[in-house]
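Shown next, in structure tokens, is the structure this report addresses.
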Amino acid sequence: MITATTVDEVRSFVKKQKSEGKTVGLVPTMGFLHEGHASLVKKSVEMCDVTVVSVFVNPTQFAPNEDFDAYPRDFKRDCALLESCGADLVFHPEASEMYAEDFTTGVTMDVLSKTLCGKTRPIHFNGVCTVVSKLFNIVTPDKAFFGQKDAQQLAIIKRMVRDLNFDIEIVGCPIVREEDGLAKSSRNTYLNADERKAALCLSQSVAIGKKMAEEGVSDTETILAAMRAHIEKEPLAKIDYVEAVDGVTMQPTEKVKDGVLFAMAVYIGKTRLIDNFIV
Ligand code: PAF
């Protein structure tokens with residue numbers, strides 16, 4: 001596996017692959033990789049001739065009060081995992097390679113970014129759209145792979161690709177969970193032993209909601225009330241939101257139907273975790 005730190009290195013690698021008629025897959029990540037990321041890389045290896053993975057903790061998607069500095073990093077371990085999954089190139093730039101000092105252009109996302117996580121993190125999705133556009137322009141992949149755990153991010157990227165005519169297929173991949181149900185996340189590493197136990201209230205609440213939807217409960221509010229009630233029983237948990245939205249527009253919806261996204265963000269101690277299911 002090649003390690004590239006500059007845009008030029010990535011461009012010449014991709015150019016060569018494309019001149020040989022190969023298809024390119026991109027998996028954008030912020031590193032501290034786990035089996036969720038591994039599943040995206042494996043999917044790309046399966047579907048594309050060549051797989052590029054970016055490992056870059058993107059400063060523009062963190063507000064000043066958020067965990068940019070504390071965000072876990074372990075590039076050596078990431079590389080070992082990526083090699084074992086069959087990635088061909090890892091792009092690991094410095095922030096200065098991605099953002100010139102006088103960088104002043106960005107991609108903004110309206111409407112879809114105003115609900116769910118966007119309410120608590122108002123600048124987050126503009127930062128995500130900007131860095132992902134830059135990665136798309138640098139790597140020019142045929143396909144790009146994103147996890148369903150960040151369901152709002154996935155919907156937003158799909159919309160951005162449509163709105164800005166990127167010639168890239170976005171492939172969404174299922175949530176990967178720990179054996180006890182907790183969705184895999186780089187932020188799980190912040191949890192102490194009691195918080196780790198308490199964090200199960202998210203996946204348990206997802207299971208409650210999913211069962212009710214499968215059993216035919218037809219209004220989202222009844223399901224949301226049961227999901228919230230379960231989380232509220234956990235003393236270490238504080239709900240940021242538990243909501244139901246249309247899976248494409250990210251706007252609130254009252255009726256349970258195919259494509260409705262039930263999503264939550266919950267603080268366990270100081271750690272903000274997310275989880276979701278789609279009907
Ligand atoms: O999902 C993430 O890890 C990040 O938001 C992404 C897509 C790599 C952009 O920085």
Side-chain angles (χ1 to χ4, degrees), residues 4 7 10 25-41 43-44 51-63 66-75 77-78 81-82 85 87 89-99 103 106-109 112-113 116-118 120-139 141 143-161 164 166 168-176 183-190 250 263 265 271-276:
V7 171
V10 178
L26 170 66
V27 183
T29 82
M30 297 207 300
F32 212 71
L33 306 175
H34 49 69
E35 284 158 49
H37 298 108
S39 74
L40 305 180
V41 178
K43 196 79 198 157
S44 173
T51 293
V52 174
V53 181
S54 60
V55 172
F56 178 59
V57 186
N58 172 39
T60 66
Q61 68 189 71
F62 290 81
E66 292 181 344
D67 58 344
F68 174 73
D69 289 329
Y71 197 84
R73 293 156 168 91
D74 190 342
F75 186 60
R77 207 193 59 160
D78 290 346
L81 183 129
L82 292 175
C85 294
L89 181 140
V90 57
F91 178 40
H92 184 46
E94 292 289 337
S96 55
E97 179 70 10
M98 291 298 278
Y99 297 107
F103 180 89
V107 178
T108 58
M109 171 66 55
L112 280 75
S113 67
L116 308 180
C117 289
T120 321
R121 308 186 72 192
I123 64 149
H124 175 68
F125 289 114
N126 289 347
V128 170
C129 286
T130 300
V131 79
V132 170
S133 302
K134 286 167 69 64
L135 291 167
F136 284 175
N137 285 328
I138 295 164
V139 179
K143 299 184 200 300
F145 299 79
F146 293 86
Q148 183 62 46
K149 184 171 79 76
D150 295 294
Q152 188 175 18
Q153 170 171 281
L154 178 57
I156 282 175
I157 299 291
K158 283 184 177 163
R159 177 63 66 92
M160 180 184 80
V161 162
L164 299 185
F166 282 106
I168 298 170
E169 183 193 335
I170 302 302
V171 182
C173 301
I175 298 177
V176 178
K184 299 243 182 201
S185 163
S186 306
R187 290 190 169 97
N188 290 349
T189 182
Y190 297 151
M250 298 290 111
T271 306
R272 186 173 175 281
L273 299 176
I274 56 175
D275 205 342
N276 70 73

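In this text the structure is predicted, and so the values were computed from the model without any measurement. For ligands, and for the atoms within them, numbers begin at 1 and follow the listed sequence.
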* Asked: Side chains of Y71 and N58: is there a donor and an acceptor less than 3.5 Å apart?
  ->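 There is no such pair between these side chains.
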Close-contact set for ligand 1 against [X] heavy atoms, below 4.0 Å:
X	answer
T29	8 (C)
V131	9 (C), 10 (O)
P28	8 (C)

* To do: Determine, using ring centers only, whether H92 and F56 are less than 6.0 Å apart.
  =>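 Centroid separation for F56 and H92: 6.0 Å or greater.
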What's the shortest distance from [atom] to any protein heavy atom, and which residue and atom give it?
atom	value
atom 3 (O) of ligand 1	M30 CG, 3.5 Å
atom 1 (O) of ligand 1	Q153 NE2, 2.8 Å
atom 10 (O) of ligand 1	Q61 OE1, 2.6 Å

* Residue pair K149 / S185, side-chain heavy-atom distance below 4.5 Å ->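 K149 vs S185: side chains touch.
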* To do: Please say whether the positively charged group of K134, taken as NZ for Lys or CZ for Arg, lies over the ring of Y99, i.e. under 6.0 angstrom from the six-membered ring centre and within 45 degrees of the axis.
  =>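 Judged by the rule, K134 and Y99 form a cation-pi pair.
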* Measure across T51 and S44 and return the closest heavy-atom pair with its distance rounded to 0.1 Å. =>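 Scanning both residues completely, I find the closest heavy atoms to be OG1-OG, 2.7 Å.
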